[in-house]
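Shown next, in structure tokens, is the structure this report addresses.
To find a chain, count down the sequence lines: A is the first, B the second, and so on, and within it residues start at 1. Values below: every heavy atom of this structure, side chains too, minus hydrogens, waters and symmetry copies.
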Amino acid sequence: MLSIKNVTKKYGKFTALENITLNFTPGVYGLLAPNGAGKTTLLKMLVTLTFPTDGEILWNGTEIGKLGARYREHLGYLPQEMGYYPQYTPKQYLSYMSALKGLDRKTARGRIPQLLELVGLSDVCGKKMKKFSGGMIQRVGIAQALLNDPMLLILDEPTAGLDPKERVRFRNILSDMSKDKIIILSTHIVSDVESIANRLIFLKDHHVLTEETVQELCGRLDGRVFEASLHEGEIEEFERSHTVLARRQDGDSVTVRFTGGDAPTDARAVTPTLEDVFLLSYR
Amino acid sequence: MNKMKNTDGQRLFEEKIARMLKSECVPEIEQSEIEATCRAASSHYVQKQKILDAGFWRVVVYFRSVGDALFYIASTFIFGGAVSVLGMSTSHTMDPTALMTSLSPVPLISFALHELHNSDRSTAEIEKTCKYTPDRICFARLWLCIIFNSALVLLAGVTLFPHYGFVVRLYLSSFSAMFLVGAAALFLMSVTSSRLPLSIMMLIWLVGSGFFLADDKHTAATAAISTWQLALILVFSVAVFAAVSMNAARRLYKTERRAA
């Protein structure tokens with residue numbers, strides 16, 4: 001449905017992305033990479049804010065730029081930095097955005113209250129957005145991205161500013177609608193995608209490092225991640241021969257999660273998590 | 001005879017289809033599913049946006065904030081008021097053509113400044129991913145502003161200088177200034193998102209025309225330009241405006257142009 005073919009993006013001499021090839025079918029895709037790896041550049045190309053220097057992006061076989069408005073009609077986008085008009089209420093803002101998205105008034109009138117309810121802003125729908133917190137603005141952003149019931153939903157760091165409860169609510173929203181949509185979720189917060197993404201895309205050094213399911217990724221580390229209890233003084237020495245993924249203070253000792261090197265006799269194998277994979281990929 | 005044959009043929013064909021539908025189990029499709037299929041299919045073909053798209057013009061005209069409305073009212077009052085006061089108090093000493101020429105582009109430049117004031121990078125980023133892009137909306141609003149500005153000039157000319165013998169010259173000169181300055185404003189809008197160049201242009205135009213009006217030699221020189229020469233200047237300024245508009249459109253719709 002959405003294909004990225006040998007896409008390279010250069011800004012002058014700087015290469016932001018090189019030879020990216022990806023195919024998307026309905027489902028949730030997590031785009032995971034540290035800051036500055038090219039996530040936002042990739043997303044901006046998908047939403048026609050910028051175009052590849054080389055290669056092409058196809059929507060059902062047609063180049064997205066050629067489709068123009070016909071492509072954008074199917075698009076929902078939440079940028080990293082959500083722009084809005086402070087004088088508008090969420091209701092006014094969503095009315096405006098629905099008009100920009102080409103929704104007729106009747107459809108918009110039905111859809112706006114539903115979305116405000118969905119993101120938990122029904123009770124403040126008449127208040128000006130200048131009084132809103134960052135999390136509330138982000139929720140308005142999520143609502144605007146969903147206005148046109150998009151077939152392709154692109155979200156850049158969508159959970160930034162959301163509290164844990166809101167994050168769970170947001171994950172559930174995405175999960176519910178992933179059946180017939182392509183959802184691409186860019187984040188560097190592993191837990192955001194661990195439970196809902198069908199596939200994960202890792203970007204490293206401006207290339208696609210891997211594109212697999214969570215199980216496949218974690219499966220690679222099966223039997224290779226351990227936990228052991230160490231004394232404070234042993235840690236430095238231990239770190240020289242092992243890759244420490246996490247540590248936790250437990251009274252006088254420290255519980256270390258690690259991989260690589262010889263496991264101490266009292267170490268126990270643990271189930272690898274996506275965070276382990278992420279940390280190892282980008283260490 | 002042929003017509004009858006066709007009608008019979010069509011009837012037989014419809015009966016055949018009805019029989020087939022009865023013999024086969026055809027699932028009933030919900031309206032929402034049909035709509036969803038149409039929506040999905042629509043992304044397989046390329047279709048250009050139409051100029052007479054009601055949805056687009058609804059955004060252009062309807063979605064203006066209260067601040068925007070106040071701005072237009074204020075622009076009209078400032079323009080109308082300035083023309084009235086200056087025109088009535090100095091009508092014996094000041095050439096109405098020169099006066100109207102200097103003031104006619106004011107609403108247009110104010111509009112451009114206002115549009116730039118309202119533009120915000122992160123908001124525009126979301127808007128640009130929608131069906132109707134903000135650049136295109138802004139461009140349409142600029143054309144509406146040209147119409148609004150022209151109406152204002154016509155109205156001011158007719159109501160304030162009804163007995164002025166050179167009304168054709170007044171309009172030729174005023175519209176020339178409006179199109180030329182409009183072209184400059186449009187060009188600046190398309191190359192920079194900063195309000196500073198446009199503000200400087202507005203200042204230069206107002207101060208420059210003020211000095212021009214204060215000097216009788218200049219107004220006398222303007223009066224010496226023949227009507228047909230003024231008509232040529234108007235044709236030239238409209239051509240410049242059209243050329244700049246097309247160029248600005250290409251710049252404003254850079255993303256679509258890249259892909260076309």
Requested in this report: Could you walk me through whether B:Ile126 and A:Leu100 pass side-chain contact (heavy atoms from CB on, under 4.5 Å), step by step?
Outcome: CA-CA 10 Å; B:Ile126 296 183; A:Leu100 278 190; over 6 Å; no
Query raised in the report: Is there side-chain contact between A:Glu81 and B:Glu125, with at least one heavy-atom pair below 4.5 Å?
Result: no
Query raised in the report: Taking atom OG1 of A:Thr48 and atom NZ of B:Lys128, what is their separation to the nearest 0.5 Å?
Result: 9.5 Å
Query - Residue A:Leu147 versus chain B: region with a heavy atom under 4.5 Å - result: neither
**Report entry** Enclosure of A:Tyr11 OH (heavy-atom neighbours >12, cutoff 6.0 Å)
**Finding:** yes
**Report entry** Heavy-atom proximity to chain B below 4.5 Å, by part of A:Gln87
**Finding:** neither
Query raised in the report: Between the side chain of B:Thr129 and the main-chain N/O of A:Tyr77, is any donor-acceptor distance below 3.5 Å?
Result: no
Query raised in the report: Is chain B contacted by the side chain of A:Gln80, its backbone, both, or neither, given a heavy-atom distance below 4.5 Å?
Result: neither
Query - Option in A:Ala145, A:Gly102, A:Gly141 with maximal non-hydrogen atom pairs under 4.5 Å from chain B - result: A:Gly102
Report task. With rounding to the nearest 0.5 Å, note down the distance linking NZ in B:Lys131 to NE2 in A:His74. Result -> 9.5 Å
Report task. Please round to the nearest 0.5 Å and tell me the distance separating atom OG1 of B:Thr123 and atom OH of A:Tyr96. Result -> 8.5 Å
**Report entry** pair B:Cys130-A:Arg72: side-chain heavy atoms closer than 4.5 Å
**Finding:** no
